[in-house]
Amino acid sequence: MYNKIIDFIYAHFITRALMFFALFVITYLLISSQYNINTQFAIGYGSMLFMIVILQFKNLPQNVVLFVKFMGFIVVMRYLYWRTFESLTYEGFFDFIGAVMLYLAEVFAIVIYLLGIFTSLNLLKRKPIDLDEYPKEQWPKVDILIPTYNEPQLIIENTVLAALAMDYPKDKFSVNLLDDGGTDQKCNQDNKEAAQEARQRRKDLMKFCEFVGARYITREKNENAKAGNLNESLSKIDGDFILILDTDHVPAKQFLKKTTGWFLKDEKVFLVQTPHAFYNQDPIERNLRMGDVAISENDMFYKNIQLGHDFWESSFFCGSAAVLRRSMIDELGGIAGETITEDAETAIKLHDKGYKSVYISEPMVRGLQTESFGALVIQRIRWTQGMVQIFLLKNPFTSKNLKWYQKISYLSASFFWFFAYSRVVFYMAPLLYLFFGLRIYNANGMEMLAYVVPHMSMAVMMSYFLYAKVRNPFFSELYETVLSFFTLPAIISVLRNPRAPTFDVTPKGQEMIKDHISDLAVPFVIIFTFVALGFVASVVRLFLYPYETEVILMTTMWNLLNILLLTAAIGVTSEKREVRKSIRVPLNAECKIMLGDREYMGTIVDISEGGLNITPLDDKIKYEEILSASPNVEIELEDIDDKPFAIPSRFLRSFNWGKRLVFVFEDMEYNIPLRQKLIQIIYGNTTKWREIEDTKPIMSPFVSFMFIIKQSIKNAMFRDAYKFTFNKLRDTLRLGSGK
């Protein structure tokens, strides 16, 4: 009966119009009913109670999910209505300036929040098209393009070797290394040392590519960064499709088989994008020592938001781990390069032409995340500037061909990067009152309880409801806090001159030799100090203005949240050393330790490119004595196709009273088949990586917040940070005074 009513409503224009009109009226009444404070308490706390109940259920019908999202919309719009028409009052000029700054910050945050709800209204989970359903002669020819600039050769080699080992007809694909670090311009530059380094790099990479069967391509000049590098190569390849891989993105062997089928199914598809997954912790996870527990920061985008964009026919190119149709790229004149986010710009141009994109949410590459906080900031500044450029120069609402929902989807993708303004203002706002007494938020205690508490609580619970499986609560606040103070100046620079930003390569392969304080800690130490002084100011104001107790206490609570997040920021800039040279992956697989005609069974605990750890099955044997006297050892294990192979190894040591044996691999540099098998086991075993990721717990908002604070207090090197900041400021003052 219910389905028949729904079908009847949607079958007729008049019934649809009446339904949407009734929904609009109900929505407006719920949002605008400000006259009765008791009504606001009922709506606010009733919604909170309903959300608490809803969060107890793991699986909900789609119509219930949509209702919850609608309720979240009502609560936030009710708050915004009250802020706009009831609380936005001021007394003096500076009060007015502060009030407008805070109001705009809240509007920015609310717009981002609502656009996020829109994007996630429905998630499209596509599956790969089985390529075996098509005759092999129809399988497309693919050119794999690996652009590189200054990455270490080992990182380059891993990606090239994995690409060459694709499970795809050998005459149907080629691997091309596009080296922008060995261009004629770099090899002939005035700096003789740098020129020699570029020539040696070019020679080494050419030799490697020739040895393994890849193609080395470089160009005359370094023009237009990555987009220029890719476009220069298009005249030297002839495939129907191109697979673009960042230098550190090691692909799984099934990548082409699981992506190219979509192009055969639909001739209008220009892009098949897959997630970017990573094998190491980012600097925030590493410096706070929480990467083994926390869900990866990238998961929210690649496991949720891109699925939402795909539903709205606007999943976009992310620069790597993507296959593109060559003819449609040629139609644009190559990869777009007007902005420094050439990937998203290319996608919006092709969507504007009516072509389609596909997003497959199965991770099939493993990449290297930035090792230092400074490198992370460089990366995020580039992303921010590029997306702000798209917002200004390629605004989706100026397009005549994009569908209305594609425009909103692209607006969501680009407008999000303005979050820095809101974050910075939220840190300044309580201090404006505590230090200067500016009235920039006019509300009494009852209004705060009726509007602010439900709004903030619902925002946290709604975020948990939407993203619990892909982002731990309050982790967005952590990441946005530590990045905002650097991305906000970058945003301002783009607003002043949208065409000014240049492409800065993200440093990869850095060594973190020892614990140290990042240069970027200085602004956080200074802001932390001012926020801490805010508590002194709040005590002073309590004595001087006891009739403002409600406002002082509420502002102090706001300041408390800020100082806790700033503690995390100082923890993030307390760089921790990384002793491992290569990633170790838990394996839990059987193996054989072979010494000539003798064999011993064991279980591989973990494995890396350099060696492995084994737990022997028979703990009565004295392995250390036997292995120390045997120079020639082979470890037999299974590849990702469950076929046995042996690796020449050398026993290094034992620990845990002989229950754990450590071996290092030998003679691997020129043994390409063995290296490819090893690379596939470490980076390309998608099942194993999924098992690792699935072990990470889903934290409640309270547990997640306390976890962040605990790790921050534990790992923040406050004394070193203050000492470093003092020395920096002293040196700056001396330099400024000419001493």
Seminar exercise, completed: With E362 as partner, the option from R126, K258, K127 fulfilling salt bridge (charged side-chain N to carboxylate O under 4.0 Å, His left out) is K258

For this session: Could you tell me whether Y359 and H309 have their ring centroids closer than 6.0 angstrom?
Result: no

For this session: Mind listing the closest non-hydrogen atom pair of A163 and L245 along with its distance?
Result: CB-CD1, 4.5 Å

Exercise. Which of parallel (below 30°), tilted (30 to 60°) and perpendicular (above 60°) describes W404 and F118?
Worked result: tilted

Exercise. Between F373 and F486, how do the two ring planes meet: parallel, tilted or perpendicular, split at 30° and 60°?
Worked result: perpendicular

For this session: Give me the ring orientation class for H351 and F270: parallel if the planes are under 30° apart, tilted from 30 to 60°, perpendicular past 60°.
Result: perpendicular

For this session: May I ask you to decide whether R366 forms a salt bridge with E693, counting only side-chain N to carboxylate O separations under 4.0 Å?
Result: yes

Problem set entry | D240/R325 ion pair, N-O < 4.0 Å | no

Exercise. Do the two ring centres, one from F391 and one from W417, sit under 6.0 Å apart?
Worked result: no

Problem set entry | With D184, the salt bridge (charged side-chain N to carboxylate O under 4.0 Å, His left out) member among R202, K221, R219, R199 | R202

Exercise. Side chain of K186, backbone of A195: donor and acceptor closer than 3.5 Å?
Worked result: no

Problem set entry | Residues, nucleotides or ligands: over 12 heavy atoms within 6.0 Å of E193 CD | no

Exercise. Side chains of L637 and I681: closer than 4.5 Å at any heavy-atom pair?
Worked result: yes

Problem set entry | F418 ring center within less than 6.0 Å of F415 ring center | yes

Exercise. Is it true that a side-chain atom of D180 and a backbone atom of T148 form a donor plus acceptor pair closer than 3.5 Å?
Worked result: no

Exercise. Just by modelled atom types, is the V470 backbone N or O under 3.5 Å from a matching donor or acceptor in the D299 side chain?
Worked result: no

Problem set entry | Short N-O contact, K141 and D171, less than 4.0 angstrom | no

Exercise. Do side-chain atoms of R675 reach the backbone of E157 as a donor and acceptor pair under 3.5 angstrom?
Worked result: no

Problem set entry | Any donor-acceptor N/O pair, D606 side chain to P586 backbone, under 3.5 Å | no

Exercise. Relative to W139, does K136 satisfy both conditions: NZ or CZ under 6.0 angstrom from the six-membered ring centre, and within 45 degrees of the ring's axis?
Worked result: yes

Exercise. When you measure from the side chain of Q406 to the backbone N and O of K403, does any donor-acceptor pair fall under 3.5 Å?
Worked result: yes

For this session: Work out which heavy atom in I146 is nearest to a heavy atom in L177; give both atom names and the distance.
Result: O-CD1, 3.5 Å

Exercise. Can you say whether the rings of H276 and F278 are parallel (under 30°), tilted (30 to 60°) or perpendicular (over 60°)?
Worked result: perpendicular

Exercise. So, are D246 and K226 salt-bridged, with charged N and O less than 4.0 Å apart?
Worked result: yes

For this session: Determine yes or no for a side-chain-to-main-chain donor-acceptor pair under 3.5 angstrom, with D641 supplying the side chain and K643 the backbone.
Result: no

For this session: Anything under 30° is parallel, anything over 60° is perpendicular, the rest tilted; go ahead and classify Y168 against F173.
Result: perpendicular

